[in-house]
Amino acid sequence: MLKQFLNLKLSQKLSPQQIQLMKLIQLPTQAFEQRLLEEMNENPALEAGQEDEYEADEFANEDYDDYDDAESDRIEAEDINIDEYLSDDDTPDYKTQVNNYSEDEERETPFASPISFHQDLINQLNTFILNDQEREIAEFLVGSIDDMGYIRRSIPDIVDDMAFTQGIYTDEAMVEKMLHVIHELEPSGVGARDLQECLLLQLKHKTPTEYVDLAIDIIENQFDAFTKKHYDKLLQKYAVSNEQLKKAIHEIERLNPKPGGSFTGNNKVTENVVPDFAIRIVDGELELTLNGRNAPSLHVSKDYQEMMQTYKDSRDKSTAQKDAVQFIKQKLDSAKWFIDAIRQRQETLFVTMNAIMHYQEEFFLDGDETKLKPMILKDIADMVGLDISTISRVANSKYVETPYGTKLIKEFFSEAMKNDQGEDVSTLEIKKILKNTIEEEDKKKPLPDDQLAEILKEKGYPIARRTIAKYREQLDIPVARMRKKI
């Protein structure tokens, strides 16, 4: 049987300029500043600072497309000297990579070279007296340590790997011996093969006390009971008081389960958050400002515009000069587009955040998170007349400074749920109440999810147990058993 189908597909294809604008909108302040610097380095027709009024008036309505005539007449080349306006970025790489130093110039470029986590361990190994084979094995073990400070591979696998990849032939006993050397390095716990060994190594480096000794015994012989927080079983096993067990557990809780992660030279970058917006309360009213770093003063180069004007006024134009002026036109068009794109970015950011601010006005006035309304991307898109994807780009990576701290904008968005009165409430409000309920619980008898569901139901939020579990996980709150304390 022959079937015919009519498939109509409506698609919208974005221009390269629209795609670039979307990318600009998505950038947070620091990334936007970097993008701006790159554009200014690549385009000499784009300049920073305020443009003089006469310059702006003279060239405000220039249409560079008028210069695309196809005349083949020639004029003297000295009328416009193009070379001095070409940027270094337009010079081929092969012309800058060689022969750009004089014989007397120093070619080395100084740079900061922080010591890595693994290099620090190697440096510590140099303080041990080891023969050549022992040092090779020890350095191989250091290379097997991950960024968290663990060796995740078995001893037999390491022995095989050294033989096949390094030509180092040894046995498991020698590797175990060198592993004990690794365990003497700092930070304490490095080179452990699992969490239990990591904690034990750290405890054994501590000054022995009654509570440290008890902690060692617990980790060594009752690790499963400890991880499951079966404190009653531990009390019975060791015949100690609640206070004694509590102090031993405290010794364990002070340990670092990721010793490699604490290394200050581990080449980890801490990102400093720069707010893209600021909301202030002035005379009881909300006031929104856009970070000034998102609104740079830019203008099109006067020199480049004058070059175009000179070409326009010329009666005769050489082919070579037309090619050069085409380059100038391209740079001018790009500069004008970039300036316009930044203005559009500013407007989009401001109107979007302004709509969010007014939608969540009650929260911004007093900081009570339970007053956050259910709000989805479509709500804001409808208010400002923009696509949902544009709102998403603004919200996903931008921060706003408020009287109650700096917040990621996307955190103000949430789905709606019904309370027992049939009113729409934000899932953020429910999560806040859930978090407060867990914080106020008796830690000796933490509340399981079904009891939490009952408590929220009594507060007017009828929620299923599985929903409680989902919200609890989103809040990074462990199950009741793991919240138990002595």
Side-chain angles (χ1 to χ4, degrees), residues 105-209 211-221 223 250-272:
E105 276 188 271
E106 193 65 52
R107 300 194 182 197
E108 293 181 2
T109 302
F111 62 92
S113 181
I115 296 177
S116 69
F117 172 48
H118 292 86
Q119 185 59 51
D120 181 69
L121 296 177
I122 294 293
N123 291 345
Q124 292 182 57
L125 276 181
N126 293 332
T127 65
F128 290 79
I129 300 175
L130 304 173
N131 61 38
D132 291 343
Q133 185 190 32
E134 289 173 339
R135 183 166 301 281
E136 285 181 336
I137 296 171
E139 290 184 357
F140 188 88
L141 288 172
V142 166
S144 300
I145 296 174
D146 64 20
D147 287 340
M148 292 298 100
Y150 287 84
I151 293 178
R152 309 283 185 179
R153 305 165 64 199
S154 68
I155 297 297
D157 285 345
I158 292 175
V159 171
D160 291 342
D161 199 13
M162 282 194 292
F164 287 124
T165 65
Q166 305 296 319
I168 302 173
Y169 298 95
T170 185
D171 55 27
E172 294 180 21
M174 178 59 76
V175 174
E176 284 280 5
K177 178 183 175 182
M178 289 301 98
L179 190 56
H180 288 310
V181 173
I182 300 299
H183 290 165
E184 294 298 316
L185 304 179
E186 294 292 336
S188 180
V190 72
R193 286 160 286 185
D194 53 39
L195 177 60
Q196 183 179 13
E197 186 176 40
C198 179
L199 299 179
L200 271 176
L201 288 170
Q202 294 179 62
L203 285 169
K204 289 178 179 180
H205 276 79
K206 282 177 169 283
T207 303
T209 66
Y211 307 115
V212 170
D213 291 343
L214 178 56
I216 291 173
D217 200 332
I218 290 172
I219 296 301
E220 203 160 27
N221 302 306
F223 186 67
H250 180 63
E251 291 289 348
I252 299 171
E253 289 176 339
R254 292 168 59 189
L255 305 176
N256 185 358
K258 299 177 181 178
S262 64
F263 185 72
T264 56
N266 212 10
N267 296 336
K268 290 187 177 180
V269 178
T270 301
E271 181 180 0
N272 294 320

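These numbers come from the heavy atoms of this one structure, side chains and all, not from hydrogens, waters or symmetry mates. Everything quoted here is computed from the prediction, not taken from an experiment.
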How far does CG of Leu255 sit from CD1 of Ile219, to the nearest 0.5 angstrom? 7.5 Å
Restricting to salt bridge (Lys or Arg N to Asp or Glu O under 4.0 Å), what partner residues turn up for Asp160, sequence neighbours left out? none
Asp146 versus Arg152, closest heavy-atom pair with distance: OD2-NE, 2.7 Å
Measuring from Ile122:CD1 to Leu185:CG, what's the distance to the nearest 0.5 Å? 9.0 Å
Mind checking salt bridge (Lys or Arg N to Asp or Glu O under 4.0 Å) for Asp213 and listing every partner two or more places apart, or none if nothing turns up? none
For the side chain of Thr127 and the backbone of Asn123, is there at least one donor-acceptor N/O pair under 3.5 Å apart? no
Exercise: identify the closest heavy-atom pair between Val190 and Pro259: N-CG, 4.0 Å
With rounding to the nearest 0.5 angstrom, report the CG to SG distance, Asn256 to Cys198. 7.0 Å
Taking atom CD1 of Ile252 and atom CZ of Phe223, what is their separation to the nearest 0.5 Å? 9.0 Å
Ile218 side chain near Leu214 side chain, heavy-atom distance below 4.5 Å: yes
Within this structure, what is the CD-CG distance for the pair Gln202 and Leu199, rounded to the nearest 0.5 Å? 6.0 Å
How long is the gap from CG on Asp120 to CD on Glu186, to the nearest 0.5 Å? 9.5 Å
Measure the shortest side-chain to side-chain distance between Pro187 and Phe117 over non-hydrogen atoms and say whether it is less than 4.5 angstrom. yes
Short side-chain to backbone donor-acceptor contact, Glu251 and Leu203, under 3.5 Å: no
Within a reach of under 6.0 Å around CG of Asn126, are more than 12 heavy atoms found that belong to other residues, nucleotides or ligands? yes
Flag side-chain contact, heavy atom, 4.5 Å: Leu121 against Glu139: no
Taking side-chain hydrogen bond (donor to acceptor under 3.5 Å, both in side chains) as the test, write out the residues that go with Thr209, two or more places apart. none
For Asn131, give me all partners under side-chain hydrogen bond (donor to acceptor under 3.5 Å, both in side chains), at least two apart in sequence or on another chain. none
Quick one: does Leu200's side chain get under 4.5 Å of Ile216's, heavy atoms only? yes
Residues two or more places apart in sequence or in another chain: which of them pass salt bridge (Lys or Arg N to Asp or Glu O under 4.0 Å) with Glu220? Lys204
Result block: side-chain N/O donor-acceptor pairs under 3.5 angstrom for residues 172-183, not counting sequence neighbours:
{"from": "Glu176", "atom 1": "OE2", "to": "Arg193", "atom 2": "NH1", "distance (Å)": "3.4"}
{"from": "Lys177", "atom 1": "NZ", "to": "Glu134", "atom 2": "OE2", "distance (Å)": "3.1"}
{"from": "His183", "atom 1": "NE2", "to": "Gly191", "atom 2": "O", "distance (Å)": "3.1"}

Do Gln133 side-chain atoms and Tyr169 backbone N/O form a donor-acceptor pair below 3.5 Å? yes
How about Glu136 and Gln166: do any of their side-chain heavy atoms sit closer than 4.5 Å? no
